[in-house]
Amino acid sequence: MKRGRSNPNQLQIDFLAAYRQILISLGSADNLPVNESLFMRMTDQWESTRVMPADLLFRKSPVEAVVFRLQKLDRDNGTNRLRFPDELIAGEIRGEQGLTGFSAKFRDQGWVILPAELSAMYKNLFLNILTASIGLEHLFPSRTALLAEAERVALAALLPEEEVRKFFGLRLSRFPDSFRSEVSNYFNLPFDYVLKRANHLDLVSEQVMEETRNNTQSVRSGPLRRPQSSRAA
């Protein structure tokens with residue numbers, strides 16, 4: 001029986017996919033090629049020179065603090081699910097058109113790259129979500145499931161249950177602007193994500209979540225639009 005011819009190009013693609021892959025890409029599907037292209041360029045440069053782009057602003061300490069917090073919560077809960085590589089490369093990059101941020105694996109490294117232009121609120125939130133996705137990657141081959149669980153784990157670390165219950169303990173079903181603003185300012189996080197955490201704790205029902213999303217979308221259907229980098233996909 002004859003063996004089929006191997007395709008060198010396919011072998012190269014398979015080889016690259018085995019050690020260089022995007023885990024979570026922020027923004028919409030349109031942003032994925034931009035994030036992937038930047039990741040390819042950065043890893044190619046790192047592979048050949050061990051030098052990062054000059055415009056990458058490293059923020060090692062924040063990601064190390066995030067890993068510590070996530071691992072502590074993981075141990076305290078007795079789940080022990082998070083597995084982080086020994087080396088994490090994390091930073092912000094300025095002026096890259098279309099970059100929304102991503103988490104990735106390269107060989108034995110974990111990568112977290114964010115646009116420097118993000119507000120501090122979203123930067124902290126997305127740093128936690130993307131870092132959590134690296135620790136959970138071994139459990140979730142589905143990127144959609146990985147994102148959902150990374151959000152759950154990150155929000156649990158950022159939003160202690162007892163603090164969230166102070167605002168959502170009465171099983172609220174409507175959230176006026178004044179309430180949204182107070183909650184967001186208190187936690188220094190976008191209200192939509194605090195609401196997700198309340199839903200995870202069964203303080204807000206799925207029906208209320210859906211109604212809130214619909215109401216928010218109807219308000220934003222006019223000229224006001226959420227920035228690309230303010231949601232994960």
For the side chain of [X] and the backbone of [Y], is there at least one donor-acceptor N/O pair under 3.5 Å apart?
{"X": "Asn35", "Y": "Thr100", "answer": "yes"}
{"X": "Thr49", "Y": "Trp46", "answer": "no"}
{"X": "Ser184", "Y": "Arg180", "answer": "no"}
{"X": "Ser103", "Y": "Thr131", "answer": "no"}
{"X": "His138", "Y": "Arg81", "answer": "yes"}
{"X": "Glu117", "Y": "Arg94", "answer": "no"}
{"X": "Asp74", "Y": "Leu70", "answer": "no"}

Mind checking whether [X] and [Y] have side chains closer than 4.5 Å, heavy atoms only?
{"X": "Leu23", "Y": "Lys105", "answer": "yes"}
{"X": "Arg197", "Y": "Phe168", "answer": "no"}
{"X": "Ile134", "Y": "Glu137", "answer": "no"}
{"X": "Pro190", "Y": "Met121", "answer": "yes"}
{"X": "Glu163", "Y": "Leu159", "answer": "no"}

Ion pair present between Arg20 and Glu47, side-chain N to carboxylate O less than 4.0 angstrom?
-> no
Thinking salt bridges, do Arg165 and Glu162 make one under a 4.0 Å N-O criterion?
-> no
List the steps, then state whether ring-ring contact (aromatic ring centres under 6.0 Å, His included) holds for Phe68 with Phe84.
-> CA-CA 11 Å; Phe68 177 82; Phe84 290 102; over 10 Å; no
Indicate whether any N or O donor in one side chain lies under 3.5 Å from an N or O acceptor in the other, for Ser28 and Asn31.
->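 Yes, Asn31 and Ser28 have a side-chain donor paired with an acceptor closer than 3.5 Å.
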Per the side-chain contact (heavy atoms from CB on, under 4.5 Å) rule, which among Leu155, Leu201, Val204 passes with Val164?
-> Leu201
So does Arg83 have more than 12 non-hydrogen atoms from other groups sitting under 6.0 Å from CZ?
-> no
